[in-house]
Peer 1: 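Structure provided below as structure tokens; questions to follow.
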Amino acid sequence: MGVAVHTKLAVILIAFGIGTSFAENTEPTSFYLRQEIARSLISYEKSMDACESETTSDNIISLPIDRLKKARVTPKELQAAIVYLREESFKNCVESSRLELMSAILDLHAFTASTAQAPIDPSQSGLGILIPSHAELEARAIFNNLEGQKAELLRSIFHGVRPSLAKISNWREASKILASTSER
Amino acid sequence: MKTCEIIQNFTPDARSRKTLQVIAARKEAATALAVILGNSVFYSIFFKASSAEAAYNITNTDWELWAHAMNQIPKILKRSIESDALAMWEHYQFNYNREHIIFWKNIHGGCSAH
């Protein structure tokens with residue numbers, strides 16, 4: 001590991017050596033804040049690992065199509081619920097370490113930015129590693145705009161699982177039926 | 001690892017392109033984080049050490065912390081890409097599009113070109 005680490009670090013140091021403020025590299029506070037980023041990366045990954053191996057039900061779900069039809073759930077809403085509830089379950093699990101990482105990156109930016117008003121670049125600061133996908137954001141918006149009963153129904157169906165199509169036996173049938181219901 | 005399924009003349013639609021852009025942005029951010037950490041090692045090597053003992057004052061803790069953190073970046077990135085790919089694959093299952101399904105399935109599960 002020693003040689004591999006040295007080689008990797010050497011490459012990075014060389015890449016970094018081009019056009020970076022020397023003073024910033026040597027400042028103890030900056031060093032400390034980077035250590036905080038390192039620690040929070042490790043902590044984030046550990047909690048992701050723990051969350052993934054968290055026991056959630058592996059049972060295959062059969063959707064109660066009649067109830068979904070009665071509640072006039074659309075296929076789009078069903079799909080949004082699957083994505084949103086999966087992400088929500090995971091996010092709740094990793095949230096504190098995720099916030100820690102975000103905080104550490106923002107702290108370094110606050111300290112090294114040329115002015116207090118300097119905007120943070122998600123790519124250059126590393127913050128972008130945490131940006132959510134459009135699919136996730138869309139799913140969140142759709143689900144959180146559902147009428148109370150619909151949202152409750154969908155939550156109850158997926159309670160205790162991290163939903164995905166692979167865990168739903170009759171999603172195709174449900175989607176067809178719900179599509180024809182919503183067209184009327 | 002499964003062999004990649006060939007998709008002829010595949011053009012990702014607007015939704016897929018957006019997701020690919022987000023993935024690209026995350027990869028850039030991951031590189032930036034690696035540089036940020038690498039910078040700290042630079043400090044460890046040259047400024048924590050005394051001039052007489054340049055090689056030996058770098059503590060094991062320093063190396064372990066940086067190396068360990070560096071190793072987490074690709075894992076974090078990989079998980080986020082898998083999560084995006086799964087959501088996209090599901091979207092194209094609901095809104096059936098065979099080529100996009102194959103594309104995102106390959107990204108999610110990984111495949112070999114041979």
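Numbers restart at 1 for each chain; the letters A, B, ... are given by sequence-line order, proteins then strands.
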Peer 1: What parts of residues 115-123 of chain A touch chain B if we use heavy atoms and a cut-off under 4.5 Å?
Peer 2: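 From residues 115-123 of chain A, the residues near chain B are A/Pro122, A/Ser123.
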Peer 1: How far apart are the C-alpha atoms of A/Thr112 and A/Ser30, what are their side-chain angles, what is the distance that settles it, and do they pass the side-chain contact (heavy atoms from CB on, under 4.5 Å) test?
Peer 2: CA-CA 7 Å; A/Thr112 57; A/Ser30 175; 4.2 Å; yes
Peer 1: Heavy-atom pairs under 4.5 Å with chain B: which of A/Val83, A/Leu165, A/Leu78 has the most?
Peer 2: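 Answer, by heavy-atom pair count under 4.5 Å with chain B: A/Leu165.
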Peer 1: Please enumerate all residues that pass side-chain hydrogen bond (donor to acceptor under 3.5 Å, both in side chains) together with A/Asn145, with sequence neighbours excluded.
Peer 2: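 For A/Asn145, no residue satisfies side-chain hydrogen bond (donor to acceptor under 3.5 Å, both in side chains) once neighbours in sequence are set aside.
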Peer 1: Between A/Lys76, A/Lys46, A/Arg86, who has the most heavy-atom pairs with chain B when the cutoff is under 4.5 Å?
Peer 2: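 Looking at each of A/Lys76, A/Lys46, A/Arg86 in turn, A/Arg86 comes out on top.
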Peer 1: Any luck finding a side-chain donor-acceptor pair between A/Ser164 and B/Glu90 under 3.5 Å?
Peer 2: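 No, because no side-chain N or O of A/Ser164 sits under 3.5 Å from a partner of the opposite role on B/Glu90.
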Peer 1: Which one of B/Leu86, B/Leu77, B/Thr31 has the most heavy-atom pairs closer than 4.5 Å to chain A?
Peer 2: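 So the answer, after comparing B/Leu86, B/Leu77, B/Thr31, is B/Leu86.
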Peer 1: Is the shortest side-chain N to carboxylate O distance from A/Arg162 to A/Glu87 below 4.0 Å?
Peer 2: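 Salt bridge between A/Arg162 and A/Glu87, a charged N being under 4.0 Å from a carboxylate O: no.
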Peer 1: Looking at side-chain heavy atoms only, is the closest gap between B/Ile81 and B/Ile23 below 4.5 Å?
Peer 2: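 They are in contact (side-chain heavy atoms under 4.5 Å apart), so the answer is yes.
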Peer 1: For A/Leu33, which atoms come within 4.5 Å of any heavy atom of chain B: side chain, backbone, both, or neither?
Peer 2: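 Looking at A/Leu33, nothing touches chain B.
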Peer 1: Please name all residues satisfying side-chain contact (heavy atoms from CB on, under 4.5 Å) with A/Glu138, sequence neighbours left out, ordered by chain then number.
Peer 2: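 Partners of A/Glu138 by the side-chain contact (heavy atoms from CB on, under 4.5 Å) criterion, ordered by chain and then number, come out as B/Arg15.
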Peer 1: Nearest 0.5 Å, please: how far is CG in A/Leu101 from OG in A/Ser96?
Peer 2: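 Going from OG on A/Ser96 over to CG on A/Leu101, the span is 11.5 Å.
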Peer 1: By a 4.5 Å heavy-atom criterion (distance strictly below it), what part of A/Gln79 contacts chain B: side chain, backbone, both, or neither?
Peer 2: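 Looking at A/Gln79, backbone and side chain both touch chain B.
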Peer 1: So which of B/Lys18, B/Gln72, B/Arg79 has the largest heavy-atom pair count under 4.5 angstrom toward chain A?
Peer 2: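 Sorted descending by pairs with chain A, the first entry is B/Arg79.
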Peer 1: List in chain and number order the residues that pass side-chain hydrogen bond (donor to acceptor under 3.5 Å, both in side chains) with B/Thr19, two or more places apart in sequence or in another chain; answer none if no residue qualifies.
Peer 2: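 B/Thr19 satisfies side-chain hydrogen bond (donor to acceptor under 3.5 Å, both in side chains) with no residue once adjacent residues are dropped.
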Peer 1: Heavy-atom cut-off 4.5 Å, strictly under: side chain, backbone, both or neither for A/Glu136 against chain B?
Peer 2: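 It is neither, since no heavy atom gets under 4.5 Å.
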Peer 1: Hey, would you say the B/Phe94 and A/Trp171 ring centroids sit under 6.0 Å apart?
Peer 2: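 Here the rings of A/Trp171 and B/Phe94 have centres that are less than 6.0 Å from each other.
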